[in-house]
Amino acid sequence: MSPLHAALTSALPTEATATDSARCWDDSTNDVCRLVYGWTNQNGTAAEVADWVVAKPAAIVGLLFLGWLLRLLLHRVIDRVTQKAASGTVPGMLQNGKADRILGETHAIAMQRRQQRASSMGSLLKNIVTIVLAVIVAFMVIAQLGYNIAPLIASAGIIGVALGFGAQSLVKDFLSGIFMILEDQYGVGDSVDLGEAIGTVEAVGLRVTRVRDVNGTVWYVRNGEILRVGNQSQNWAQTVLDIPVAYQEDLTRVRAVLQSVAHEMWDDEDHRGDIIEEPDVWGVERWDADAVVVRVVLKTAPLRQWAVAREMRERIKDRFDAEGIVIPAAERVKWMRHAAGADTLLGESTPPAPDAAGPGTMGT
């Protein structure tokens with residue numbers, strides 16, 4: 001017991017009536033009421049007035065100030081965490097000269113998206129902290145006013161259980177959205193594969209993600225229904241080209257020509273910000289029925305793989321034409337039945353000459 005409690009206790013009468021026991025001055029925690037009760041020669045009315053005018057408002061103000069202070073401290077902690085998350089660096093595997101410069105400087109959009117994601121997550125955490133502290137302080141203020149908060153707490157628990165059972169899908173969507181944003185699985189502008197929805201992300205929310213596909217169709221996908229995500233534009237992308245050549249071509253020469261074309265594009269100033277690593281010719285990928293397929297791989301900046309692929313195909317076609325390297329084309333033939341019943345097989349690409357192709361002959 002504190003010295004103040006001891007002094008107040010000695011000033012009070014040794015016996016209290018049943019009515020007095022319910023008064024504020026009989027509460028060992030209410031020092032102001034007990035003090036006024038002792039100073040006013042056991043005036044219960046003055047003690048009650050002091051309790052409502054001084055003690056309770058002071059306690060309420062103290063609770064509000066403590067809640068505001070906790071909110072301020074927690075918000076500062078969240079700001080520091082989000083700022084640290086926003087200042088990300090290039091992945092370690094790409095920290096070489098050109099890749100680091102391209103991803104760190106040329107493609108500042110990725111960093112800006114990272115900052116937006118951190119800001120959104122910080123705002124969400126701040127709102128959660130504010131709501132939780134507000135509810136706790138409100139219950140404590142109600143308790144200071146003399147009301148029993150046990151029914152309120154029980155009601156809140158019942159409401160929480162009802163929401164948990166009745167809105168399971170909604171809660172699942174929100175939780176999935178929070179973890180999706182926290183883990184940076186994808187963001188606005190990314191090209192993603194969400195299963196049936198494949199396209200560019202236009203909006204990311206806690207409950208729904210909006211995706212527009214190549215045909216212009218807008219897909220609204222609930223975050224709780226996303227089982228897997230294929231992100232084609234996170235950190236870096238890759239262009240894989242399978243180039244068919246005729247079987248009679250010299251593969252060593254073909255690989256040298258492909259390496260030369262890829263290296264020229266790597267050194268091209270117009271594409272310096274698109275290709276982030278030296279291109280590589282992997283070699284023969286497979287044998288098809290009419291061609292040998294050689295694979296070329298280029299590591300590109302996010303969302304630039306398709307433009308690089310189109311440019312590479314044009315350059316390879318032009319170089320192959322100049323070098324005399326044959327790209328085999330599929331040929332089709334069709335049978336033509338004449339009135340006499342004889343069949344003629346004609347090559348569709350090179351029809352036979354009138355004096356050479358007759359019934360029963362084949363054009364080449």
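Values below: every heavy atom of this structure, side chains too, minus hydrogens, waters and symmetry copies.
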Looking at Asn215 and Thr217, would you say the former's side chain and the latter's main chain have a donor-acceptor pair under 3.5 Å? no
Give a yes or no on whether the backbone of Arg286 and the side-chain of Arg295 come within a donor-acceptor separation of less than 3.5 Å. no
Side-chain donor or acceptor of Asp190 paired with backbone N/O of Val192 under 3.5 Å: no
Linked, directly or transitively: Val293 and Val261 (ILVMFWY side chains, under 4.5 Å): no
Tell me whether Gln248 at atom CD has more than 12 heavy atoms from other residues, nucleotides or ligands lying less than 6.0 Å away. yes
Distance (rounded to the nearest 0.5 Å) between Ile275 CD1 and Trp266 CH2: 7.5 Å
Is it possible for you to say whether Leu251 and Trp287 belong to one hydrophobic cluster, with membership spreading through side-chain heavy-atom contacts below 4.5 Å? yes
Common cluster, Val297/Ile243, ILVMFWY with side-chain heavy-atom separation under 4.5 Å: no
With the 4.5 Å side-chain cut-off for hydrophobic clustering, are Ile128 and Val137 part of the same group? yes
Closest approach of Arg319 to Ser260 (non-hydrogen atoms, all atoms of both residues): NH1-OG, 3.4 Å
Would you check if Asp193 and Gln232 make a side-chain contact, meaning some heavy-atom pair closer than 4.5 Å? no
Considering all heavy atoms, the nearest Tyr247-Asp290 contact: CE1-C, 3.8 Å
Please name the pair of heavy atoms, one in Val245 and one in Ile325, separated by the smallest distance, quoted to 0.1 Å. CG1-CG2, 4.2 Å
Does any N or O in the side chain of Arg222 come within less than 3.5 Å of the main-chain N or O of Asp173, such that one atom is a donor and the other an acceptor? no
If you look at every heavy atom in Leu241 and Met312, which pair is closest and at what distance? CD1-CB, 3.4 Å
CD1 of Ile316 to CG of Leu258: how many Å apart, nearest 0.5 Å? 5.0 Å
Rounded to the nearest 0.5 Å, how far apart are CH2 of Trp68 and CG of Leu73? 8.5 Å
Output yes when a side-chain donor or acceptor of Glu264 lies under 3.5 Å from a complementary backbone atom of Arg315, and no otherwise. no
Intermediate values then yes/no, side-chain contact (heavy atoms from CB on, under 4.5 Å), Ile178 and Leu206: CA-CA 6 Å; Ile178 291 174; Leu206 290 179; 3.9 Å; yes
Leu227 atom CG, over 12 foreign heavy atoms within 6.0 Å: no
Check whether any side-chain N or O of Thr239 sits under 3.5 Å from a backbone N or O of Gln305 as a donor-acceptor pair, and report yes or no. yes
What's the verdict on side-chain contact (heavy atoms from CB on, under 4.5 Å) for Ile226 and Gln185, showing C-alpha distance, side-chain angles and the deciding distance? CA-CA 11 Å; Ile226 299 176; Gln185 297 178 9; 5.7 Å; no
With a cut-off of 6.0 Å (strictly less than), are more than 12 heavy atoms of other residues, nucleotides or ligands near CZ of Arg76? no
Using the rule side-chain contact (heavy atoms from CB on, under 4.5 Å), only one of Ile276, Leu298, Asp274 pairs with Arg304; which is it? Asp274
Between CG on residue Leu70 and CG on residue Leu133, distance to nearest 0.5 Å: 6.0 Å
Donor-acceptor pair, side chain of Glu249 and main chain of Val326, under 3.5 angstrom: yes
Assess whether a salt bridge exists between Asp79 and Lys126, defined as any Lys/Arg side-chain N lying under 4.0 Å from an Asp/Glu carboxylate O. yes
Main-chain N/O of Thr252 paired to Asp250 side chain as donor or acceptor, under 3.5 Å: yes
Distance check, rounded to the nearest 0.5 Å: Ile136 atom CD1 versus Met140 atom CE? 8.5 Å
Are any of the side-chain heavy atoms of Leu194 and Val229 separated by less than 4.5 Å? yes
Measure across Thr300 and Gln238 and return the closest heavy-atom pair with its distance rounded to 0.1 Å. OG1-N, 4.1 Å
Compare all side-chain heavy atoms of Met180 with those of Val204 and state whether any distance is below 4.5 angstrom. yes
Full working for side-chain contact (heavy atoms from CB on, under 4.5 Å) between Ile198 and Trp219: CA-CA 9 Å; Ile198 302 175; Trp219 295 81; over 6 Å; no
Closest heavy-atom pair, Val221 versus Ala197, reported as atoms and distance to 0.1 Å, is CG2-CB, 3.9 Å
Applying the 4.5 Å side-chain criterion to the ILVMFWY set and letting contacts propagate, would Val61 and Leu66 be lumped into a single cluster? no
Spacing of CG belonging to Leu125 relative to CG belonging to Leu74, to within rounding of 0.5 Å: 10.5 Å
Go through Arg207 and Phe174 one step at a time and tell me if the side-chain contact (heavy atoms from CB on, under 4.5 Å) criterion holds. CA-CA 5 Å; Arg207 193 181 70 86; Phe174 273 96; 4.3 Å; yes
